Amino acid sequence: EVVLIHIAVSCRWEEERYPEGIKWKFLEHKGPVFAPPYEPLPENVKFYYDGKVMKLSTKAEEVATFFAKMLDHEYTTKEIFRKNFFKDWRKEMTSEEKSTITNLSKCDFTHMSQYFKAQTEARKQMSKEEKQKIKEENERLLKEYGYCVMDNHKERIANFKIEPPGLFRGRGNHPKMGMLKRRIMPEDIIINCSKDSKIPAPPPGHKWKEVRHDNKVTWLVSWTENIQGSIKYIMLNPSSRIKGEKDWQKYETARRLKKCVDKIRNQYREDWKSKEMKVRQRAVALYFIDKLALRAGNEKEEGETADTVGCCSLRVEHIKLHPELDGQEYVVEFDFLGKDSIRYYNKVPVEKRVFKNLQLFMENKQPEDDLFDRLNTSILNKHLQDLMEGLTAKVFRTYNASITLQQQLKELTNPDDNVAAKILSYNRANRAVAILCNHQRAPPKTFEKSMMNLQSKIDAKKEQLADARRELKSAKADAKVRRDEKSKKTVESKKKAVQRIEEQLMKLEVQATDREENKQIALSTSKLNYLDPRISVAWCKKWGIPIEKIYNKTQREKFAWAIDMAEEDYEF
DNA sequence: CCGGCGACTTAGCAGGCAACTG
DNA sequence: CAGTTGCCTGCTAAGTCGCCGG
């Protein structure tokens with residue numbers, strides 16, 4: 001693999017190289033912070049069953065409070081949520097409770113719910129001093145547990161707090177919503193650190209499940225979660241060397257794809273004609289992944305997760321073929337739920353050969369059948385590996401996102417614009433990528449209102465501008481008559497006032513446009529995960545835009561490597 | 001080739017908090 | 001200086017992909 005070596009001196013991103021697979025030589029940390037223990041409700045907070053007060057055992061009460069805290073949420077009304085919750089709740093009950101509490105609808109959590117609302121309210125009303133005290137306690141925790149030493153560096157840990165118990169929600173229509181996410185104990189925890197480090201001590205009276213010294217992985221702590229049975233990890237912050245290097249590598253792989261993408265495109269176009277159905281399916285799927293930035297689409301276990309798909313797992317029911325639509329030929333209409341149950345809806349004109357292939361793949365199939373029945377992500381990725389070392393399906397998303405940003409920035413940046421307008425151009429370029437990657441968000445709850453506020457500000461500013469212009473005009477007239485220094489000065493200051501207001505108005509209008517266009521688009525995901533930060537750094541340098549306008553503090557920390565490296569002439 | 005597991009990246013959302021405004 | 005707003009951070013779910021054993 002070709003690694004570009006940056007010339008600057010002692011840059012930490014390329015300090016040391018490790019032998020294949022070795023991630024560190026020394027690792028020391030303090031272990032995780034556990035969720036605070038359950039505090040039983042005060043005596044006066046009651047739970048009612050079938051209209052009668054009932055005192056719950058501590059364990060049953062704790063789980064009941066999880067439900068009570070969610071009472072205002074729509075999902076406590078969902079059948080699956082209620083069913084799963086009730087089943088798991090009953091497991092925590094004493095046999096006596098179990099025989100009494102047989103119907104969730106007869107459970108009255110409203111008093112408990114009110115109590116928690118009052119608590120939240122009280123927390124808001126806390127004095128400055130009390131709030132300060134909590135803040136200091138959090139800082140102390142961060143200082144003690146939030147950092148580790150990996151090789152020669154003190155590094156920030158991403159998530160050093162263990163997830164507290166609660167009710168699982170999941171995204172979209174998740175079959176396990178409402179299940180009890182159990183409390184994680186030290187006995188569930190595997191500690192990973194180096195042999196010669198100070199090994200973290202478990203809480204008094206407890207033991208770790210295991211302490212291991214595996215320097216082929218990057219995690220510090222792991223445990224198995226009880227909803228899906230998957231492993232959760234405590235790992236380092238994105239600002240760390242280990243994450244930064246990996247991130248850099250990712251973009252370097254995408255840049256290698258840039259060099260051979262034309263060849264790959266020609267190849268899959270050829271493959272559309274293959275006599276082997278598997279090859280044709282692979283080629284059409286790759287075309288979608290490349291053109292539409294779809295995810296690979298691994299198979300999922302039915303009934304274990306929400307029904308979502310990616311490219312390889314698309315079903316016949318997810319696309320519609322239109323030989324002609326709105327004056328365009330060979331249009332494919334996509335409608336499916338992707339990652340996080342975010343809807344992907346798109347009407348795309350495709351090449352005739354793709355269209356004909358799709359018709360072929362759909363022949364004699366039911367709506368719920370796989371579109372690409374001869375294909376999966378493993379087959380696809382093996383093929384991609386043959387085309388380029390390190391190439392997988394997701395690299396196309398990175399590549400297309402980054403190249404789109406670079407192109408869009410070139411196209412949209414107007415050298416004569418002021419900083420605010422240039423930033424609007426940047427956001428528009430970023431937005432083009434977010435749309436490509438289908439990064440959506442729920443419109444902010446206060447969107448309409450805040451838009452109206454902004455509009456009235458703009459209107460007010462316009463009037464102010466008109467006034468200022470009138471004043472300037474009369475000052476000018478005045479100066480013509482008087483011809484003295486004082487009135488000349490007045491004209492100058494009025495001119496400046498007009499200019500200032502014009503700028504303010506322009507800024508507001510830019511802001512309004514930006515916000516409107518951003519209503520349902522999330523920019524941060526692409527910014528954080530798909531856009532080679534060196535493109536943005538170079539753009540800032542080229543146009544004299546302060547990097548703070550593009551990246552906030554966290555983002556600057558994550559992309560420190562790029563801010564270090566990239567010059568204004570950087571090309572992705 | 002298949003299924004399951006492990007490690008890691010990518011994802012949207014809620015709530016808190018700092019900055020702005022009136 | 002209080003109230004509001006909008007951004008940021010933390011949280012944790014949900015993907016991708018490689019590997020292993022059968």
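In what follows, every chain begins at residue 1, and chains take the letters A, B, ... in the order their sequences are listed. Everything quoted here is computed from the prediction, not taken from an experiment.
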Can you list everything that forms a side-chain hydrogen bond (donor to acceptor under 3.5 Å, both in side chains) with [X]? Sequence neighbours excluded, please.
{"X": "Ser274(A)", "value": "none"}
{"X": "Asp386(A)", "value": "none"}
{"X": "Thr218(A)", "value": "none"}

Residue mapping more 5' on DNA chain B - nearest nucleotide basis, Arg397(A) or Thr120(A) =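 The answer here is Arg397(A).
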Distances under 3.5 Å only, N/O to N/O: pair up the protein atoms with those of nucleotides 17-22 of chain B.
from: dA18(B); atom 1: OP1; to: Lys135(A); atom 2: NZ; distance (Å): 3.3

Listed partners of Ser113(A) passing side chain to side chain contact (heavy atoms under 4.5 Å, CB included), at least two apart = Leu71(A), Lys117(A)
query = For Glu299(A), what residues pass the side chain to side chain contact (heavy atoms under 4.5 Å, CB included) criterion, not counting sequence neighbours?
reply = Asn376(A)
query = Quick one: does NZ or CZ of Lys69(A) land under 6.0 Å from the six-membered ring centre of Phe116(A), within 45 degrees of the ring axis?
reply =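 Yes, cation above the ring, under 6.0 Å and within 45°.
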Row check, Tyr147(A) ring normal vs Lys154(A) NZ/CZ: under 6.0 Å, within 45° = yes
Over how many whole Å does the gap from [X] atom [atom1] to [N] atom [atom2] extend?
{"X": "Glu302(A)", "N": "dG4(B)", "atom1": "CD", "atom2": "P", "value": "14 Å"}
{"X": "Asn237(A)", "N": "dC11(C)", "atom1": "CG", "atom2": "C1'", "value": "14 Å"}
{"X": "Leu384(A)", "N": "dG18(C)", "atom1": "CG", "atom2": "P", "value": "10 Å"}
{"X": "Asn192(A)", "N": "dG6(B)", "atom1": "CG", "atom2": "C1'", "value": "13 Å"}
{"X": "Ile134(A)", "N": "dG16(B)", "atom1": "CD1", "atom2": "P", "value": "11 Å"}
{"X": "Tyr75(A)", "N": "dA13(C)", "atom1": "OH", "atom2": "P", "value": "11 Å"}
{"X": "Lys69(A)", "N": "dA14(B)", "atom1": "NZ", "atom2": "P", "value": "17 Å"}
{"X": "Leu337(A)", "N": "dA14(C)", "atom1": "CG", "atom2": "C1'", "value": "14 Å"}

Select one nucleotide: of [options], the one nearest the side-chain heavy atoms of [X].
{"X": "Thr525(A)", "options": "dG12(B), dT9(B), dA14(C)", "result": "dG12(B)"}
{"X": "Gln385(A)", "options": "dA7(B), dG18(C), dT16(C)", "result": "dG18(C)"}
{"X": "Val217(A)", "options": "dG12(B), dG15(C), dA7(B)", "result": "dA7(B)"}
{"X": "Pro164(A)", "options": "dC8(B), dT12(C), dC8(C)", "result": "dT12(C)"}
{"X": "Ile342(A)", "options": "dC8(B), dG12(B), dT10(B)", "result": "dG12(B)"}
{"X": "Thr554(A)", "options": "dA14(C), dC8(C), dT16(C)", "result": "dC8(C)"}
{"X": "Glu163(A)", "options": "dA14(C), dT12(C), dT9(C)", "result": "dT12(C)"}
{"X": "Ala296(A)", "options": "dC8(B), dG12(B), dT16(C)", "result": "dT16(C)"}
{"X": "Arg171(A)", "options": "dT9(C), dA11(B), dT9(B)", "result": "dA11(B)"}

Per-pair distances, 0.1 Å, donor-acceptor, side chain in residues 27-39 of chain A, under 3.5 Å, sequence neighbours excluded:
from: Glu28(A); atom 1: OE1; to: Lys198(A); atom 2: N; distance (Å): 2.5
from: His29(A); atom 1: ND1; to: Gly31(A); atom 2: N; distance (Å): 3.1
from: His29(A); atom 1: NE2; to: Asn192(A); atom 2: O; distance (Å): 2.8
from: His29(A); atom 1: NE2; to: Leu220(A); atom 2: O; distance (Å): 3.3
from: Tyr38(A); atom 1: OH; to: Glu61(A); atom 2: OE2; distance (Å): 2.6

Who pairs with [X] by salt bridge (charged side-chain N to carboxylate O under 4.0 Å, His left out), at least two apart in sequence or on another chain?
{"X": "Arg295(A)", "result": "none"}
{"X": "Arg82(A)", "result": "none"}
{"X": "Arg183(A)", "result": "Glu62(A)"}

ask   = Heavy-atom contacts under 4.0 Å between residues 371-379 of chain A and DNA chain C, which residues?
value = none
message = Under 4.0 Å between a side-chain nitrogen and a carboxylate oxygen: does that hold for Asp340(A) and Arg171(A)?
response = yes
inquiry  = Let's test your reading of the model: under 3.5 Å, does the base of dT9(B) pair with the side chain of Lys250(A) as donor and acceptor?
reply    = no
inquiry  = Tell me which residues in residues 224-234 of chain A lie within less than 4.0 Å of DNA chain B, going by non-hydrogen atoms.
reply    = Ile231(A), Tyr233(A)
key: Asp335(A) side-chain N/O to His318(A) backbone N/O, donor-acceptor pair under 3.5 Å   =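 Pair absent, no side-chain N/O of Asp335(A) close to backbone of His318(A).
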